[in-house]
Number of protein chains: 2
Amino acid sequence: MAKKSNNKSCDSTPVKLKADPTAEEFARLAWAIAHPARVQIVRLLIGREACVCGEIVDCLPLAQSTVSQHLKILKESGLIQGEVDGPKVCYCINPKQLQRLKSLVANL
Amino acid sequence: MAKKSNNKSCDSTPVKLKADPTAEEFARLAWAIAHPARVQIVRLLIGREACVCGEIVDCLPLAQSTVSQHLKILKESGLIQGEVDGPKVCYCINPKQLQRLKSLVANL
DNA sequence: CCTCTATATCGTTGATCTACGATTTACGAT
DNA sequence: ATCGTAAATCGTAGATCAACGATATAGAGG
């Protein structure tokens with residue numbers, strides 16, 4: 001292929017950046033925590049090791065169904081895990097995925 | 001066991017968590033970078049010191065107006081800065097705000 | 001079985017995002 | 001003054017989010 005007459009490359013990339021899987025993973029994780037309620041939930045779980053869903057609901061000024069939605073989003077991102085404990089559900093941080101997020105941000 | 005009629009505190013917080021300014025700042029910054037295109041823009045600027053808007057557009061598979069929108073979002077978050085350079089605009093990272101993001105995530 | 005509690009899911013509403021083409025604005029050069 | 005280029009903004013359409021109340025589900029206990 002002929003070189004472009006006007007070299008409009010960025011860095012050493014000759015063409016447009018394709019969908020970068022790392023960028024997408026980064027964006028997915030960043031988005032999961034990109035809401036004040038979810039930041040608070042994550043912080044709460046980091047500080048408590050584990051927490052029953054009802055306690056989380058009591059800590060936030062949101063309806064139970066809304067909190068449940070946020071928990072679902074965090075769970076889908078892998079940042080937290082939920083474990084059924086009788087009629088309740090106990091949530092905790094997933095240290096591995098949290099570390100992944102920290103690593104991605106630290107290496108920016 | 002009597003129902004904990006009023007003691008529904010999490011941790012040592014006696015009542016519902018109010019809107020936490022730090023959580024909101026965190027969410028705002030995380031949200032700014034919570035899109036693959038914005039991740040790529042930030043990475044590009046970190047690796048290049050500075051970059052003219054047109055080069056960024058050429059690096060992404062998006063229309064110029066869309067890239068301009070993403071740049072605006074990043075600029076509003078403080079993560080990047082734009083400086084007019086003749087008819088062009090030169091963007092660069094704002095190291096202070098990037099450090100703020102890193103610090104918030106690292107201290108999770 | 002029935003009931004109570006805890007949680008998830010459904011359905012809806014309004015707000016916000018994302019993308020684009022078209023237009024406008026700003027600046028340098030002719 | 002006019003033109004051309006670079007960038008921002010406008011206007012719009014479709015998708016997704018965030019919040020809620022209502023409802024469904026699952027397990028514990030009477």
Side-chain angles (χ1 to χ4, degrees), chain A residues 5-8 10 16-17 19 23-24 27-42 44-45 50-77 80-92, chain B residues 1-5 8 10 16-17 19-20 23-24 27-41 44-45 50-77 80-92:
Chain A
S5 52
N6 59 336
N7 180 7
K8 46 160 80 167
C10 290
K16 287 174 190 288
L17 292 171
E24 280 175 15
R28 212 168 39 75
L29 276 176
W31 183 83
I33 207 172
H35 188 286
R38 296 198 287 270
V39 173
Q40 289 181 293
I41 291 171
V42 167
L44 186 64
L45 293 181
C51 192
V52 173
C53 172
E55 295 180 291
I56 300 172
V57 172
D58 289 337
C59 286
L60 293 170
L62 295 170
Q64 175 265 324
S65 58
T66 306
V67 172
S68 195
Q69 239 177 197
H70 286 304
L71 288 169
K72 186 181 180 183
I73 288 170
L74 285 170
K75 206 162 48 179
E76 283 172 353
S77 79
I80 72 172
Q81 303 172 294
E83 189 179 334
V84 175
D85 174 25
K88 307 187 177 183
V89 176
C90 194
Y91 285 98
C92 62
Chain B
M1 155 102 53
K3 172 180 218 124
K4 12 191 281 181
S5 49
K8 42 165 75 173
C10 288
K16 287 175 189 289
L17 293 171
D20 181 345
E24 279 175 16
R28 213 168 37 78
L29 275 176
W31 183 83
I33 206 172
H35 188 286
R38 296 198 288 269
V39 173
Q40 289 181 292
I41 292 171
L44 185 65
L45 293 182
C51 193
V52 173
C53 173
E55 294 179 293
I56 301 172
V57 171
D58 289 338
C59 285
L60 292 171
L62 295 170
Q64 176 264 324
S65 57
T66 306
V67 172
S68 194
Q69 242 178 194
H70 285 304
L71 288 169
K72 185 181 180 184
I73 288 170
L74 285 169
K75 206 163 47 179
E76 283 172 352
S77 78
I80 73 172
Q81 304 172 290
E83 190 179 334
V84 176
D85 174 25
K88 306 188 178 186
V89 176
C90 193
Y91 285 97
C92 63

**OP:** Step by step, work out the side chain to side chain contact (heavy atoms under 4.5 Å, CB included) result for A:His35 and A:Ile73.
**Re:** CA-CA 11 Å; A:His35 188 286; A:Ile73 288 170; over 6 Å; no

**OP:** Assess whether side chain to side chain contact (heavy atoms under 4.5 Å, CB included) is satisfied between A:Tyr91 and A:Glu55, documenting all intermediate values.
**Re:** CA-CA 10 Å; A:Tyr91 285 98; A:Glu55 295 180 291; over 6 Å; no

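At whole-Å resolution of the value, CH2 in B:Trp31 and C1' in D:dT16 are 12 Å apart. The separation between A:Glu83 atom CD and C:dT7 atom P is 14 Å, rounded to whole Å. Between the CD atom of A:Gln69 and the P atom of D:dC20 there is a distance of 10 Å, rounded to whole Å. Rounding to whole angstrom units, CD1 of residue A:Ile56 and P of C:dT7 are separated by 9 Å. Going from atom CZ of A:Arg28 over to atom C1' of D:dT16 covers 17 Å, rounded to whole Å. The interatomic distance linking B:Leu60 (CG) with D:dA7 (P) rounds to 13 Å, in whole Å. Distance A:Lys72 NZ to D:dC17 P: 11 Å, rounded to the nearest Å. For the pair A:His35 NE2 and D:dT16 P, the interatomic distance rounds to 18 Å; values are reported in whole Å.
The nucleotide whose nearest atom lies closest to any side-chain atom of B:Pro87 is, among D:dC20, C:dA6, C:dC27, C:dC27. The side chain of A:Leu62 sits closest to D:dA19 out of C:dC17, D:dA19, C:dT7. Of the candidate nucleotides C:dA8, D:dA7, C:dT18, D:dA7 has the atom lying nearest to any side-chain atom of B:Val52. Residue B:Ser65 places its side chain closer to C:dC20 than to any other of C:dA19, C:dC20, D:dC20. Considering only side-chain atoms of A:Ile73, the nucleotide from D:dA18, C:dA19, D:dC20 that sits closest is D:dA18. Side-chain atoms of A:Tyr91 lie closest to C:dT7 of the nucleotides C:dT7, C:dC20, D:dC17.
Proximity of B:Thr66 to the phosphate of C:dA19: no side-chain N or O atom is located under 4.0 Å from OP1 or OP2. Taking 4.0 angstrom as the limit, B:His70 places a side-chain polar atom (N or O) nearer than this to OP1 or OP2 of C:dA19.
One distance of note links CD of B:Gln64 with CD of B:Gln69; it measures 10.5 Å at 0.5 Å rounding.
A side-chain contact (heavy atoms from CB on, under 4.5 Å) with A:Leu60 holds for exactly one of A:Ile56, A:Asp58, A:Val57; it is A:Ile56.
For the pair A:Gln64 and B:Leu71, nearest-nucleotide mapping onto DNA chain D gives the more 5' position to B:Leu71.
Using modelled atom types, no side-chain atom of A:Arg38 and backbone atom of B:Ala27 make a donor-acceptor pair closer than 3.5 Å.
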